[in-house]
Structure formats: C-alpha cells, structure tokens
Colleague: 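The structure that follows is given in the form of structure tokens.
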2 protein chains.
Amino acid sequence: MSERELRRNLAILPIGTVRELTLLTDRQIRYYEQNQLITPNRGKGGQRRFSLNDVDRLLEIKDFLDAGDSIKDIQEIFEKQRRKSVGQPDSETALRRSLQKEFAQIGRFGR
Amino acid sequence: MSERELRRNLAILPIGTVRELTLLTDRQIRYYEQNQLITPNRGKGGQRRFSLNDVDRLLEIKDFLDAGDSIKDIQEIFEKQRRKSVGQPDSETALRRSLQKEFAQIGRFGR
DNA sequence: AACACATGTCATAAAACCTGACACGAATTC
DNA sequence: GAATTCGTGTCAGGTTTTATGACATGTGTT
C-alpha cells in the first residue's frame with residue numbers, strides 16, 4: 001500500500017471528530033458499524049478510532065440513505081465495490097501512484 | 001488556502017492519537033504548547049484538538065531537541081521560518097497547487 | 001394491526017483528558 | 001560547590017468524552 005493510502009487508513013480519529021466532520025450522530029455512526037458498513041479500530045481502552053477512509057465511507061452512506069437506499073442496499077453496494085476492486089489496481093490507484101513521487105516530497109509523513 | 005492545506009490544518013486529533021503518532025508524552029506535548037511551539041485548537045469541552053501540521057511540527061521539535069537545540073532555539077528557528085515564508089507562495093506550495101486539480105478527483109474531501 | 005427500520009434518548013460506567021503542583025537529574029551560572 | 005534553569009516524570013482531583021444496553025418513536029411495509 002502506498003504512503004498516501006496508508007495515511008488514509010490510519011485509525012486516528014475519535015468519534016467526536018467524526019461526528020463533527022460528517023454531521024452524523026453517535027447513534028447513527030454506531031448503528032452503521034453494527035451493520036458492518038464500517039469497521040473502525042479500537043484504541044487501548046476500547047474506544048473507536050476512525051480513519052479518513054471511514055469518514056469518506058460515512059459520507060457515502062449518508063448520501064445513499066438520503067437517496068432512499070436502505071442499509072442492506074448499501075451493504076450490497078459496498079460488497080460489489082469490494083469485489084470489483086479485488087486484485088489489480090484501479091485507475092484511481094494508478095493515478096495516485098503516478099503522482100506519489102512528487103508528493104513524497106511534501107508533508108512530514110513523506111520525509 | 002488549498003484543499004490539501006485546509007485538510008492538513010483541520011484540528012481533528014485528540015492528544016492520545018498525537019501521543020501515539022509522535023511517541024511523545026502528554027507532558028512533553030503540553031510543555032511545547034506552553035512554550036508556543038505549537039498552538040492546538042480546543043474542542044467544545046476545552047480539550048486539545050491537533051492538526052496533522054501540529055503532528056509534523058512536533059516531530060520536528062523532537063528532532064531539534066535530539067540535535068541539542070533548546071526550546072528557545074527552536075522558537076527562533078520557527079520564527080525565522082515564519083518570516084521567510086510570509087506573503088508569496090513558496091515552491092512547495094506551488095508544486096502542491098499544480099497537482100491540486102488531479103488530486104481533487106481523489107478522496108472524498110475533494111468530491 | 002403488527003412489524004421492521006433508522007434514529008432519539010436515557011442511565012450507568014469506564015476511559016481519556018485537563019490543570020496545577022511537586023520532584024528530579026543534568027547543565028549552567030554565580 | 002551552591003544555586004538556578006531546563007526538560008520531563010508523576011500524582012491528585014475534577015471535567016469531558018465515549019461505551020453499552022435498553023426502551024421509545026415515527027414512517028413505511030406486510
């Protein structure tokens with residue numbers, strides 16, 4: 001996995017931050033977790049730690065729900081996405097990689 | 001400020017995460033704040049919220065201290081940096097901007 | 001009418017964080 | 001060499017945040 005992807009998958013955010021970033025309630029976030037739409041890590045004391053990818057995912061979930069999809073629908077949508085992107089890098093990943101070198105110069109994590 | 005810079009400056013991390021990311025102790029982090037080497041935001045209840053830039057900064061501080069610089073030395077170093085980068089965008093920012101459009105396609109925050 | 005869904009709300013407990021104070025070893029200054 | 005400064009450790013006491021589980025509710029579906 002690339003630097004950038006790594007960073008996006010770091011479990012660093014408490015639920016409070018995610019709440020502010022997504023404008024969802026704790027209840028909603030936990031409910032989506034309960035239904036396996038997201039699977040945040042847990043810190044030492046058992047508290048949830050979300051990644052930026054989780055935040056993305058939650059915003060997607062929000063859109064889908066607003067669009068009338070049910071939780072189960074969304075589960076299937078995500079499942080299809082997962083199956084489709086198995087194995088070979090998709091174009092997004094390819095693009096990302098092509099710019100990786102440049103960005104490696106930028107930002108502390110890349111130093 | 002660009003999308004990317006915005007994101008780097010979002011105050012999203014609690015001190016526990018920063019502790020894990022930097023391997024500093026709470027005491028150290030607070031002491032550096034007390035000496036104005038960093039100025040994290042505060043959440044609603046008064047708890048510190050750090051940005052990714054803050055994390056960068058803390059890692060720099062660590063390096064400087066390891067290299068034998070004192071807190072005051074570091075204050076001056078940062079002050080000089082600040083003065084130098086006032087006004088016009090530096091090359092790093094320019095590079096960032098040039099790649100901004102591409103990256104706007106990638107990741108939720110850019111959608 | 002009964003039920004499923006997505007969410008609100010409340011109680012209770014644990015974890016994380018806050019500030020302030022005192023201690024301490026290693027340098028530095030008097 | 002005694003006193004001071006610096007960066008950090010640690011502890012106490014209080015506040016904030018998060019966790020789980022249960023019950024409630026409105027909207028739509030069988």
Side-chain angles (χ1 to χ4, degrees), chain A residues 10-79, chain B residues 10-79:
Chain A
L10 273 185
I12 53 177
L13 305 175
I15 199 168
T17 298
V18 174
R19 185 173 50 223
E20 290 168 19
L21 251 31
T22 61
L23 299 182
L24 294 167
T25 64
D26 300 23
R27 186 68 171 87
Q28 289 174 303
I29 297 169
R30 294 191 187 118
Y31 185 67
Y32 303 153
E33 177 186 11
Q34 207 175 310
N35 286 274
Q36 289 117 38
L37 295 183
I38 51 170
T39 52
N41 278 30
R42 297 288 178 138
K44 208 187 104 189
Q47 309 203 181
R48 274 166 266 253
R49 283 291 145 101
F50 300 80
S51 69
L52 291 173
N53 269 336
D54 288 328
V55 174
D56 273 14
R57 212 139 217 270
L58 287 168
L59 292 171
E60 285 190 59
I61 293 169
K62 206 179 177 188
D63 288 346
F64 282 129
L65 285 173
D66 285 350
D69 297 303
S70 74
I71 299 276
K72 260 178 195 157
D73 293 336
I74 302 177
Q75 286 174 345
E76 290 169 18
I77 292 171
F78 285 167
E79 179 53 26
Chain B
L10 274 185
I12 52 177
L13 306 174
I15 199 168
T17 299
V18 175
R19 185 173 50 224
E20 290 168 20
L21 251 31
T22 62
L23 299 182
L24 295 167
T25 64
D26 300 24
R27 186 68 172 88
Q28 289 174 303
I29 296 169
R30 295 194 185 116
Y31 185 66
Y32 303 153
E33 177 186 12
Q34 207 173 310
N35 286 273
Q36 287 116 40
L37 293 183
I38 51 171
T39 53
N41 278 31
R42 298 287 179 137
K44 209 185 103 187
Q47 308 201 180
R48 272 166 267 253
R49 282 294 145 100
F50 299 81
S51 69
L52 291 174
N53 270 334
D54 288 328
V55 175
D56 273 13
R57 212 139 217 272
L58 286 168
L59 291 172
E60 285 190 60
I61 293 169
K62 206 178 178 187
D63 288 344
F64 281 129
L65 285 173
D66 286 350
D69 296 303
S70 73
I71 299 276
K72 261 179 196 159
D73 292 338
I74 302 176
Q75 286 174 346
E76 290 169 20
I77 292 170
F78 284 167
E79 180 53 26

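Keep in mind that the numbers below use all heavy atoms, side chains included, and drop hydrogens, waters and symmetry copies. Residue numbers begin at 1 in each chain, while the letters A, B, ... track the order of the sequences.
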Colleague: Atom CD1 of I15(B) to atom C1' of dT19(C): distance rounded to whole Å?
Modeller: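 Taking atom C1' of dT19(C) as the reference, CD1 of I15(B) is at 12 Å.
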
Colleague: Taking for each residue the nucleotide of DNA chain C with the nearest heavy atom, is it G46(A) or D69(A) whose nucleotide lies nearer the 5' end?
Modeller: D69(A)

Colleague: Would you say R19(B) reaches dC17(C)'s phosphate, i.e. side-chain N/O to OP1/OP2 under 4.0 Å?
Modeller: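 Affirmative; the distance criterion is met.
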
Colleague: Using every non-hydrogen atom in the two residues, find where R49(B) and P40(B) come nearest and quote the distance to one decimal.
Modeller: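 Smallest interatomic distance, heavy atoms only, reads O-CB, 3.7 Å.
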
Colleague: I need the CZ-C1' distance between R48(B) and dC18(C), as an integer number of Å.
Modeller: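 It works out to 7 Å between those atoms.
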
Colleague: When the distance from NZ of K72(B) to C1' of dG7(D) is rounded to whole Å, what number comes out?
Modeller: 13 Å

Colleague: With no hydrogens and no angle check, is any side-chain donor or acceptor of Q75(B) less than 3.5 Å from a backbone partner on N35(B)?
Modeller: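 Pair found, side chain donor or acceptor close to backbone of N35(B).
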
Colleague: Could you please spell out the steps behind the side chain to side chain contact (heavy atoms under 4.5 Å, CB included) verdict for Q28(B) and I61(B)?
Modeller: CA-CA 10 Å; Q28(B) 289 174 303; I61(B) 293 169; over 6 Å; no

Colleague: Rounded to the nearest Å, what distance is computed from the CG atom of residue D66(B) to the P atom of nucleotide dC6(D)?
Modeller: 19 Å

Colleague: From dA16(C), dC17(C), dC18(C), pick the nucleotide closest to the side chain of Q47(A)?
Modeller: dA16(C)

Colleague: Does the side chain of Y32(B) come within less than 4.5 Å of R57(B)'s, by heavy atoms?
Modeller: no

Colleague: Nearest whole angstrom, please: distance from the C1' of dG7(D) to the CG of D26(B).
Modeller: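 Roughly 15 Å, once rounded to whole Å.
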
Colleague: Output the residues of residues 27-42 of chain B in contact with DNA chain D, where contact means a heavy atom of the residue under 4.0 Å from an atom of the strand; sort by number or write none.
Modeller: R27(B), Q28(B), Y31(B), Y32(B)

Colleague: Grab the CZ-P distance between F64(A) and dA6(C) for me, whole Å please.
Modeller: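 Atom CZ in F64(A) sits about 15 Å away from atom P in dA6(C).
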
Colleague: Looking at five pairs on each end of the helix from dA1(C)-dT30(D) to dC30(C)-dG1(D), what is the angle between the two axes, given to 10 degrees?
Modeller: 10°

Colleague: F50(A) pairs by side chain to side chain contact (heavy atoms under 4.5 Å, CB included) with which of N41(A), T17(A), I29(A)?
Modeller: I29(A)

Colleague: Would you say the side-chain atoms of D73(A) pair up with the backbone N or O of S70(A), donor to acceptor, closer than 3.5 Å?
Modeller: yes

Colleague: From E33(A) CD over to D54(A) CG, what is the distance, rounded to the nearest 0.5 angstrom?
Modeller: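 Between E33(A) CD and D54(A) CG, I get 9.0 Å after rounding to 0.5 Å.
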
Colleague: Return the minimal non-hydrogen interatomic distance between V18(B) and L13(B), and the atom names on each side.
Modeller: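 For V18(B) and L13(B), the tightest heavy-atom pair comes out as CG2-CB, 4.0 Å.
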
Colleague: CG of L24(B) versus P of dG7(D): gap in Å, rounded?
Modeller: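 It is 14 Å, rounded to the nearest whole Å.
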
Colleague: For R30(B) and I15(B), which heavy atoms make the closest approach, and how far apart are they?
Modeller: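 Scanning both residues completely, I find the closest heavy atoms to be NE-CD1, 4.0 Å.
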
Colleague: R49(A) CZ to dA15(C) P: how many Å, rounded?
Modeller: 14 Å

